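Scroll down for the structure; my scribbles are underneath it.
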Amino acid sequence: MEKNHATPILASYVTYKELSSHGNYKSPYQILAEFIKYIIYEKKLYSFSIGEIKSRVENEFEFYLPDAVLKSALRKIDFVTHGATGNYCVIGEKIRVDGALKKYRNLAETAEISVSEQLISFIEETKDYKLNNKEKKELMRAFVSYLIDESNGNKYQEEISSFIIKKSDDKKITEYLNSVREGVILYTGLNYNIDEIGSLKKDLKLYLDMEVLFDIYGYNGEVFQKLALDLFKLARDANSKEKRVRFRYFEETKTEIDLFFAKAEEIVKGKVLLKDNVAMKAITNGCQDVSDISDRKADFYTKLQYSYGIIQDERASYYYRSDTDANLEWTFSEEEKKDLEVQFAVKMISHINKLRNNKLFYEYTESEAIFITETRKVQEYSRKMVDLISNEINSEKKMVGYAISMGMITNILWYKLSKGFGNNDFPQNINSVLKAKIVLSNLISQNVSKKFDECKQAYQKGELDEQQLAARLLALREKAVKPEDITTDNLEDSLNFDSTHIERFEAERELHKAQIRQNKEQLEDYQAEIEQLKRTIQIEEALKKQQETESAATMEEKDATIQAQNEELQKYRDQDLKKENRKKFIKKVGVFLKRICLRLIILLIIVLITYSVTKYVKADAANTVSIVVTVVGIVISCVDIVKNVFKDVFNNREE
C-alpha cells in the first residue's frame, strides 16, 4: 500500500490522541481547532463558509461533525474572524500552525501502512489466496470499522482478530492499534456533543440487560467482569458529590434471568443437555440438586442489590394511558416483530422513550435513561429509530440512541468526567488484544452452539452412538470460549470447527485411552518396587525415631547423673561448712574466756589490794561502808564486762 492510500480516519484518531497526550489542550475544541488550522494553512484559505470548512474537514480527516461543533472550534483560532456576511476571514500575518500535527499524522500514516500490509499478508497466508484490489479495500474498510467499534469487521472479523492476537507480542503493532482506539475515545466529546466536562448535571438511569448483569456478577468470565467494573468505578466517581447514576433492570430482563435459572435446574435434573454456554456452566457446575440452583439465584439477586445497588425498575407498568404518545412499538411492522429478538428490541426502546417522556436528547449523559446491552439486534433497532426521527424532524445535531453497548457508555462517562486530558488511565476496553479475544470468544461460542445442535441431531438420527456423541461434545467443550482462555497456542484449534478436526479429536481421545491403559500396566509392573521403596522409607523413619528416642533417654540419664553429683557435692560442701563453723565457734569461746579471765584477774587484784588496806588501816564505819559499796560496784562492772566481751566476740562475723 502506498502512503496516499492510507485511511485518513485512522491517522486522524492517532493524531488526535497524540495531541491530547503531548499538548497543552484543555478541551476537544482546542484540538479540533489545530486540525482546522492545518487545513487553512495547507490549502491557503483566506475566506470560507462553515459549509466549506465542514466539507474540507470531512475529506481531509474524515471527521463528520455538526456545524455547532465546528463553530465552537473556530472561535478558538485567534487568526480567524467571523464576518458580517456569515463567512470566516483569515488574518494572514497572524497565522500560527503547530507542526506537531503534521509530524504525528505522518508517523500515524506510516504505521498504518506497515500494519495494513502485515494484515493483508497474514490473511493471504492463512487462506492461501491472493486478495485482489477490491478485496483489499473491503478488508481495510472492515479493519477501520473493527478498530473504531462501528462493527466487529463483518466477514473479516475472525481473520482481523486472529492477526491481532498473533501479533500481540509485537509492541509497535499493539501500540499503534491501541493509539487508534484511544483516539476514538478522546474524539467522543466531539462525536456525542459533550460540551461541559467534569461532572454530570442531570440524573441518569442505566437499564442493564441480562448479559451485562451476568458480566457484573462474573458468570461470563473474568474479562467481562473487569470491563463491567470499569463502568461501576466511573459511576462511583460521578456519584462522589451527588448521586447521579443509578442502575436498574426491567421486569422483562428479570423474566429472562428467571427462565435462564429454570433451564439450569432442568440441566441439573438431567432433562436437558448443557450447551457450552459460559454463564450456564458457571451456574450449574458443582450443583447437586435444584436447591443449589435456587441458592445461587438468590445469591445473584442479593449481590446485585447490596454490592452494586442494582434493583428492578420501580415502575409497575409501561402501558398507562399517559404512555400512549411515547409508545414506539407501533413504529415497526407486525411482520418484523414476528422475530422475537426484534419484538424484544422494540419493547426495550419504547420503554426508554417512555422514561424520557418522549423527549429528544443530543448528549447521552443528559438523556435521563439508556438501555445498556451487547445484543446487536437491540442496538440496530435503536439506530433505526434514531434515523427515522432525525429524518422526520430534519435535525442537524446528532441524536442519542436508546440503547448502546457497555463499552460505549463507559467511554462516554470516562470522557464526561474529565478523564481525557492529561490522564492516560484509559478504560480497559481500548486494549486491541482484549477486543480481539472478546470477538473470537463470541465467534467460538456461536460455532460451539451450532455444532452442539448438529451433534445432537446426528445422535437422534442414529448417525452417532453415545460414545461418539460424548467424544464430540467433549471436543466442543475444550474450545476456549472465554476471552481470558484464548492464547496464541490454542487459537487455531479453538477456531477449527471442521468435521474432520472433530473426528480427529475423537480418534485422539481413543488413542489417549489406550495410552492410559498402557501406562496403567506399566504402573502395575512398578508397583512392587514402589511398595519396597515405601517399606524402606518406613524402616528408615522408624530407625530415625528410635535413635531420637534413645538420644532423649540418654540425655535424661545424663541429666539425672549430673543432678545426683550436684546433690552429693552440695552435701560435702554443707559438711565442710559445719566443720568450719564449729572451728570458728571454739576459737571465739577461747578468745572470750581469755578476755574474761584477764579482766577477772585485774578485778581480783584490785579486791585483794582493797582488802589488805582495810585490814591494816583502822577504818571507821563510814569507810567500811564505802569500801563495801566499791566492791559491789566492781562486781556489777564485772557483769557488764562479761556481756560486752560476749557481744564483741560472738557478734563479730570476721572472727
Side-chain angles (χ1 to χ4, degrees), residues 205-221 224-225 227-228 231 246-269 271-284 287 290 292-305 307-319 328-329 332 336-355 369-382 402-406 409 442 445-446 448-449 452-453 481:
K205 284 187 177 179
L206 303 180
Y207 287 80
L208 312 179
D209 77 352
M210 182 179 75
E211 290 302 326
V212 175
L213 293 173
F214 282 174
D215 290 345
I216 293 164
Y217 194 80
Y219 280 150
N220 285 328
F224 287 111
Q225 187 177 37
L227 294 177
L231 173 59
R246 291 173 173 82
F247 295 97
R248 298 289 185 268
Y249 53 86
F250 289 120
E251 182 183 358
E252 287 83 359
T253 301
K254 184 178 187 305
T255 301
E256 192 179 6
I257 293 168
D258 290 343
L259 288 172
F260 197 88
F261 276 95
K263 187 174 181 181
E265 290 181 356
E266 295 299 301
I267 290 169
V268 170
K269 288 177 184 176
K271 295 182 178 180
V272 179
L273 280 174
L274 170 63
K275 288 187 180 182
D276 203 25
N277 180 288
V278 174
M280 188 63 80
K281 283 171 69 175
I283 291 170
T284 56
C287 291
V290 293
D292 293 332
I293 299 294
S294 299
D295 290 343
R296 292 190 177 185
K297 178 180 170 182
D299 291 343
F300 173 75
Y301 284 120
T302 301
K303 188 169 183 179
L304 289 184
Q305 180 174 353
S307 295
Y308 301 108
I310 307 171
I311 59 174
Q312 187 175 338
D313 180 32
E314 296 91 345
R315 281 189 60 152
S317 173
Y318 281 83
Y319 297 97
L328 299 179
E329 292 183 48
F332 299 99
E336 277 183 290
K337 289 188 288 186
K338 284 182 180 179
D339 183 332
L340 293 178
E341 287 187 1
V342 174
Q343 189 181 106
F344 178 79
V346 172
K347 183 179 284 190
M348 295 301 99
I349 291 166
S350 183
H351 283 5
I352 294 296
N353 193 51
K354 291 169 187 175
L355 287 164
I370 314 170
F371 187 57
I372 311 301
T373 179
E374 300 301 315
T375 307
R376 289 185 187 178
K377 192 70 74 174
V378 181
Q379 293 178 19
E380 176 191 342
Y381 273 78
S382 172
Y402 301 90
I404 57 174
S405 67
M406 183 173 64
I409 189 61
N442 289 333
S445 295
Q446 292 168 15
V448 164
S449 181
F452 182 94
D453 290 336
V481 292

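On a predicted model such as this, the values are computed, not experimentally measured, just so you know.
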| remark: Of all heavy-atom pairs linking I293 and C287, the shortest is CD1-SG, 3.6 Å
| remark: Distance col, row E265:CD vs F260:CZ, nearest 0.5 angstrom, shows 12.5 Å
| Any side-chain heavy atom of L208 sitting closer than 4.5 Å to one from T253? | no
| Nearest heavy atoms of E341 and K377, plus distance in Å | OE1-CE, 3.7 Å
| query | Are the aromatic ring centres of Y381 and Y402 under 6.0 angstrom apart? | reply | no
| Where does the angle between the aromatic ring planes of F214 and F300 fall among parallel (under 30°), tilted (30 to 60°) and perpendicular (over 60°)? | perpendicular
| task | Say whether, by atom type as modelled, one donor and one acceptor occur between the side chain of E374 and the main chain of M406 under 3.5 angstrom. | result | yes
| Do you know the tightest heavy-atom contact between T373 and V212? | CA-CG2, 4.3 Å
| task | Please round to the nearest 0.5 Å and tell me the distance separating atom CG of D313 and atom OH of Y249. | result | 10.0 Å
| query | Side-chain contact, heavy-atom cut-off 4.5 Å: F247 with L304? | reply | no
| Taking every non-hydrogen atom, the tightest pair across I370 and I404 | CG2-CG1, 3.9 Å
| K205 and L355, any side-chain heavy atoms less than 4.5 Å apart | no
| Ignoring hydrogens and geometry, is there a side-chain-to-backbone donor-acceptor pair from E251 to Q312 under 3.5 Å? | no
| query | For E314, does its backbone N or O pair with a side-chain atom of R248 as donor and acceptor, under 3.5 Å? | reply | no
| said: Check this for me: does any side-chain nitrogen of one of E266 and K263 sit under 4.0 Å from a carboxylate oxygen of the other? | reply: no
| request: To the nearest 0.5 Å, tell me how far M348 CE sits from N353 CG. | output: 13.0 Å
| Should the heavy atoms of other residues, nucleotides or ligands under 6.0 Å from CZ of R315 be counted, would the total exceed 12? | yes
| D209 side chain near T375 side chain, heavy-atom distance below 4.5 Å | yes
| field | Non-hydrogen side-chain atoms of E211 and N220 separated by less than 4.5 Å | value | yes
| task | Please work out which of the three classes, parallel, tilted or perpendicular, describes the rings of Y318 and F250, given edges at 30° and 60°. | result | perpendicular
| note | Separation between CD1 (I349) and CD (Q379), nearest 0.5 Å, reads 10.0 Å
| note | Between I283 and A264, the two heavy atoms sitting closest are CG2-CB, 3.9 Å
| message | In the structure I gave you, are the side-chain heavy atoms of Y301 and D258 within less than 4.5 Å of one another anywhere? | response | yes
| Side chain Q225, main chain I216, donor-acceptor under 3.5 Å | yes
| task | For the residue pair I257 and K297, establish whether any side-chain heavy-atom pair is separated by less than 4.5 Å. | result | no
| Stepwise side-chain contact (heavy atoms from CB on, under 4.5 Å) test for V342 and F332 | CA-CA 9 Å; V342 174; F332 299 99; 5.5 Å; no
| field | F344 to E252 - nearest heavy-atom pair and separation | value | CE1-CB, 4.2 Å
| message | Quick check against the 3.5 Å criterion: does S317 have a side-chain atom that pairs as donor or acceptor with the backbone of Y319? | response | yes
